[in-house]
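Take a look at the structure below.
All values below were derived from every heavy atom in this structure, side-chain atoms included, with hydrogens, water molecules and symmetry-related copies excluded. Read the numbers this way: they start at 1 and go in the same order the structure lists the ligands and their atoms.
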Amino acid sequence: MQNNKIIIFDTTLRDGEQSPGASMNIEEKVAVALQLERLGVDVIEAGFAASSEGDFESISQISKQVKTSTICSLSRCVESDILRAKDSLQYAKKSRIHLFLATSPIHMEYKLKKKPNEVLELAIRSITMAKEFCDDIQFSCEDACRSDIGFLKEISLGAIEAGAKTLNMPDTVGYRLPHEIGNIIEELYKVVQDRAILSVHCHNDLGQAVSNSIYGIMKGARQVECTINGLGERAGNCALEEVVMILKTRKDIFTQYGGLDTNIHTKEIYRTSNLVSDITGIRPQPNKAIVGKNAFSHESGIHQDGILKHRETYEIMTPSDIGIMNNENLVLGKHSGRAAFKDKIEQLGYQLESSMLNQIFEKFKILCDQKKVVYDEDLLALISEQNSYIPQVFTLESIQCSTSSNGSHVAALSVKRDNELFNDCALGNGSVDSILRAIERVCNIGGKLLDYKVESVTRGKDAMANVMVKVDFAESGSPVIGHGKDLDTLHATAKAYINALNSFERMKKFLGPKNSYKQGV
Ligand code: KIV
Ligand code: ZN
């Protein structure tokens, strides 16, 4: 059997981004990639270079900034795709080209319109070409789990011969059950042995993605492809946090398989999950394993009583294992000095430049005057607001809203663009409507609001509001997400809309149809 390290291959930025409405801009992708690196992910699939200018640019930026994880680009078995992948990865300290080609009878006949021998020949030719530019080549048999096992063995051996180091076997349509994935990997392991790493990539259409991946591991796979929060097309992909916590929590089982382990720093899981859900606007369901809001809360009296008597009566993991802080942690008070504040920020895992630290400290002081209790989450909210990933073309300078019982709502605001101040006001059918209309007048743009959500950052009547908006400004079908946090929900709404507008300004450069790789080769 191969070694006992399970390689974590994260595809949140590629397969995860194919989730409807989960598209991210370049700065957001860089922020996620840097957090994935902090989490200890071995391979980050940063995108599909040939699919769009935006994907190419984000792979390139991520390659420049990430130092320890391998950066990977997806590529069809097409010469021009391979060249784009190579160019996008030129700055990566460690790079990987991920080639894929369908191998199931249904995909070969109807999508590719190729015979198995043509598919084999194309795979070998493409791997040989990619190998000239990059030593680390991964080959995926798309729809592997509905492919003929004899053909999978033949193409795997050909791929190894041509230079592939990792062979990935996706359950592209999420059709298989755990023992079936186990059998496929077991059969392949007999011929591949340790000449290449076998990898699993499971979709969740029947809710089996995590179990399927675990069975694959038990039968010899040493790489798991997964996404944060299980993000992905349709029912999503295998959730990184679940696989990692299964391996950690059930060490007793995995000692039989050589004591399997990952490089993941589990205390970074919660923060990574929050970052991805903040950016995409897609929150995991409350009862989602590991990162759902209720994953560690015990409502029933019997459970609470048991936990108080002996934690392990009802808890198999602790919230702190995945980096959830104690909500009751009162951070600092209004009399706390800069040094204590800096110390606290460092404890939360941030190393900020002094100008950024000072700006957040000023906001913290204001917050202390407005709010009775300041929690760690409040500090994180201030940091995330200040640490915006996107250039601030528009900034909200001031806002005034008034409503009256006769149903009239008016908002007046000032917005700065390139150091010039613009003022305007608007009437609306409700406060939110009047604010958004006023922003659109002042910024001279129209947008369609697709989604609007408010949640509180912490508990308490005086908690900050976190507003998320999803807006389609160009009617282009490429909506952007914006976030705003403030003690006042309406002010948070205005900030969120302006934030979405800034995202849109950034995205305009790369607007254009994405090439769909699902067209086949
Ligand atoms: O699900 C799939 O088959 C894929 C491949 C492109 C690896 O995502
Ligand atoms: Zn996939």
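For ligand 1, the atoms sitting less than 4.0 Å from at least one non-hydrogen atom of T172 are 1 (O), 2 (C), 3 (O), numbered in the order shown with element in parentheses. Every atom of ligand 1 with a heavy atom of H203 under 4.0 Å away is listed here by number and element: 1 (O). Remark: ligand 1 atoms within the under-4.0 Å shell around heavy atoms of H98 are 7 (C). Of all atoms in ligand 1, numbered sequentially from 1 with element shown, those under 4.0 Å from a heavy atom of E142 are 3 (O).
Among the heteroatoms counted here (N, O or S) of H201, NE2 is the one nearest to the Zn ion (ligand 2).
The pair E45-R96 does not meet the salt-bridge criterion, since no charged nitrogen lies less than 4.0 angstrom from a carboxylate oxygen. Using a cut-off of 4.0 Å between Lys/Arg side-chain N and Asp/Glu carboxylate O, E455 and K293 are scored as not salt-bridged. Checked for salt-bridge contact, K288 and E241 meet the test: a charged N lies under 4.0 Å from a carboxylate O.
In the candidate list R14, R76, E45, H107, R14 is nearest to atom 5 (C) of ligand 1, counting heavy atoms.
With no hydrogens or angles considered, no side-chain donor-acceptor pair links N237 and T227 at under 3.5 Å. With hydrogens and angles left out, the side-chain atoms of E180 and Q208 include no donor and acceptor closer than 3.5 Å. Of the N and O atoms on the side chains of D321 and T266, not one donor lies less than 3.5 Å from an acceptor on the other residue.
At a heavy-atom distance under 4.0 Å, only side-chain atoms of H201, from C-beta outward, approach ligand 1. The proximity of D15 to ligand 1, defined as any non-hydrogen pair under 4.0 Å, is limited to the side chain.
Residue contact annotation: D15 places an N/O/S atom under 2.8 Å from the Zn ion (ligand 2).
Aromatic ring centres of Y497 and F504 lie farther apart than the 6.0 Å criterion allows.
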